[in-house]
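For reference, the structure discussed in these notes is given below.
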Amino acid sequence: MEHLMAVILAAGEGKRMKSKNSKVIHKICGKALVEWVVDAAKECGVKESVLVVGHRQDQIRECLGDKVAYAVQEQQLGTGHAVMQAQKYLEGKEGHVIVLYGDTPLITSSTIEKTIAFHKENKCSATVITADFADPSGYGRIVRDKNGDVLKIVEDKDANCEEKNITEINSGLYCFNIKDLLAGLSELNNDNKQGEFYLTDTLEILAKKGSKVGALKISEASEIFGINDRVQLAEAAELIRKRIVDMHMRAGVTLIDPASVFIDAGVVIGMDTIVYPGTYIEAGSKIGEDCIIGPNSRIVRSTIGNGSEINNSVIIESKVGMDTHVGPFAYLRPGSDIGSKVKIGDFVEVKKSIIGDNTKVSHLTYIGDAEVGSNVNLGCGVVVVNYDGKKKNKTVIGDNAFVGCNVNLISPVTVKDNAYVAAGSTITEEVPENALAIARSRQVIKEEWVTSKGMERGKK
Ligand code: UD1
Ligand code: CA
């Protein structure tokens with residue numbers, strides 16, 4: 001059977017990141033750097049990816065789980081040595097292996113596919129992805145013979161003056177025949193300026209044996225851009241962000257100002273939805289068709305139904321139905337399930353609550369740990385008092401209920417279907433169906449109190 005595998009190198013320390021965390025788990029658009037690479041490989045048909053880990057491998061394992069297999073490189077003795085650690089996964093297999101770096105998240109599946117196709121067509125033992133760089137310093141240089149075949153790759157530190165002038169650089173990304181790679185690795189030594197086992201030397205070893213070594217030069221050099229520090233992280237993020245927003249616009253989403261919209265990988269947005277500036281739509285979110293999202297909104301792991309509008313609001317791990325209006329300045333906290341044709345107005349906070357269809361919560365309200373029915377009206381300033389100082393309690397409000405302004409619902413408490421609660425009430429006991437509850441002291445009038453006390457304010 002022909003295998004297509006990937007070996008992804010991620011054992012290095014990544015010192016320049018200046019971070020307590022492994023470099024490759026830093027995220028771009030909600031996805032770890034190494035995950036971008038793993039997914040690009042997967043998209044072009046790689047069934048098994050082996051990640052070579054070393055520094056902070058516990059964090060990388062936690063991030064990727066069993067999405068990949070792991071090979072441990074205890075000491076970082078070079079890229080060739082790193083690939084050797086994956087040997088047990090490669091042994092006895094026929095087919096091809098692509099070698100990628102965990103810190104080059106911009107590589108696309110289409111470039112990997114092209115490399116594999118080139119490799120197969122030209123019957124190569126090894127194929128390296130290259131690019132022309134105006135300033136090639138720091139990179140390995142591609143040394144070709146008169147016919148253009150690759151003879152070897154020299155590292156910057158080992159290159160002579162003539163070789164240093166070569167502008168075609170090694171991206172560090174390759175496709176190998178599995179067997180040829182293993183044969184090449186078995187002959188590697190570390191006889192070079194850095195005392196490392198260079199993966200690049202396997203190409204020279206294979207070429208000397210008469211095998212064909214190919215090089216595929218790509219024009220989109222940003223794809224092989226590796227990330228070493230946070231400045232480069234931001235540069236790569238900008239490119240990936242652009243790819244994502246372009247993809248959504250091509251699929252029928254209007255972005256008023258694409259540069260100010262941040263959409264994570266994997267987010268789904270329906271056709272004819274309009275996204276206004278200053279909006280973040282984070283991983284795990286799904287937005288329906290014909291929605292208006294933003295400006296200045298943040299949606300995290302949430303689902304928004306067709307035709308809904310989210311204006312200047314924050315929605316976290318919640319669900320919003322169809323044709324519902326949220327905001328401006330609303331806050332939906334985790335576990336909220338808002339129905340269809342609902343209005344959640346300004347300065348309304350909802351936490352872990354269900355709100356039924358056609359219900360209106362128009363302003364200045366807190367709803368926590370509650371179940372609110374459909375066609376309910378909650379007036380301005382209603383507060384569900386869900387916390388008694390020790391634990392959270394549940395409030396239930398039935399269908400068609402009307403709760404007046406400035407009402408406190410002391411949980412646990414129930415307002416039954418079709419009931420009314422008078423404004424200013426503090427409700428501690430169940431309100432029966434069709435009843436009106438008034439829970440406030442009666443108004444007292446003291447006639448002529450102002451004049452009898454000499455308290456007139458308009459008089460000099
Ligand atoms: C390597 C190439 C160079 C190429 C450049 C492109 C070699 C010898 N040189 O150089 O020709 O132009 O990449 O960026 O291969 N890693 C390990 N274990 C190790 C060493 C490295 O896992 O022992 C990983 C690193 O984490 C990193 C990647 O391999 O992701 C590249 O290593 P790095 O040291 O940056 O290679 P360069 O010296 O830049
Ligand atoms: Ca490097």
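Every number for a ligand or one of its atoms is a count from 1 in the order of the listing.
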Suppose I only count heavy atoms of [X] and a 4.0 Å limit; which atoms of ligand 1 are within that range?
X: Gln76; value: 18 (N), 19 (C), 23 (O)
X: Leu9; value: 22 (O), 24 (C), 29 (O), 30 (O)
X: Ala10; value: 22 (O)
X: Ser171; value: 6 (C), 14 (O)
X: Tyr198; value: 8 (C)
X: Gly140; value: 3 (C), 4 (C), 11 (O), 12 (O)

Is any N or O atom of [X], backbone or side chain, closer than 3.5 Å to an N or O atom of ligand 1?
X: Gly102; answer: no
X: Gly12; answer: yes
X: Tyr174; answer: no

Legend entry - Val99 side chain near Val83 side chain, heavy-atom distance below 4.5 Å: yes
Inset, instruction - State, yes or no, whether a side-chain contact exists between Ile224 and Phe133 at a heavy-atom distance under 4.5 Å. - result: yes
With no hydrogens and no angle check, just 3.5 Å: does a side-chain donor-acceptor pair link [X] and [Y]?
X: His55; Y: Gln76; result: yes
X: Thr111; Y: Glu223; result: yes
X: His119; Y: Asn177; result: yes

Inset, instruction - Ignoring hydrogens, just give me the one of Ala131, Gly78, Ala82 whose non-hydrogen atom is nearest atom 23 (O) of ligand 1. - result: Gly78
Legend entry - Option nearest atom 27 (C) of ligand 1 (shortest heavy-atom distance, choices Asn228, Leu100, Asn192, Asp103): Asp103
Examine the proximity of ligand 1 to [X] and report which part, side chain or backbone, both or neither, has a heavy atom under 4.0 Å away.
X: Tyr139; value: both
X: Glu155; value: side chain
X: Asn170; value: both
X: Glu196; value: neither

Inset, instruction - For His81 and ligand 1, answer yes if some heavy atom of the residue is under 4.0 Å from a ligand atom, otherwise no. - result: no
Inset, instruction - Could you tell me whether ligand 1 has any atom less than 4.0 Å away from a heavy atom of Leu77? - result: yes
Legend entry - Residues, nucleotides or ligands: over 12 heavy atoms within 6.0 Å of Lys212 NZ: yes
Legend entry - Over 12 non-hydrogen atoms of neighbours within 6.0 angstrom of NZ in Lys27: no
Inset, instruction - Have a look at Ser125 and tell me which of Leu206, Leu203, Leu181, Ile205 forms a side chain to side chain contact (heavy atoms under 4.5 Å, CB included) with it. - result: Leu206
Inset, instruction - List the steps and the verdict of salt bridge (charged side-chain N to carboxylate O under 4.0 Å, His left out) for Glu48 and Lys93. - result: CA-CA 12 Å; Glu48 189 181 9; Lys93 285 188 180 141; 3.2 Å; yes
Legend entry - Tyr198 and its side-chain hydrogen bond (donor to acceptor under 3.5 Å, both in side chains) partner, picked from Asn190, Asn189, Asp158: Asp158
Legend entry - Lys42 backbone acceptor or donor facing Ser109 side chain under 3.5 Å: no
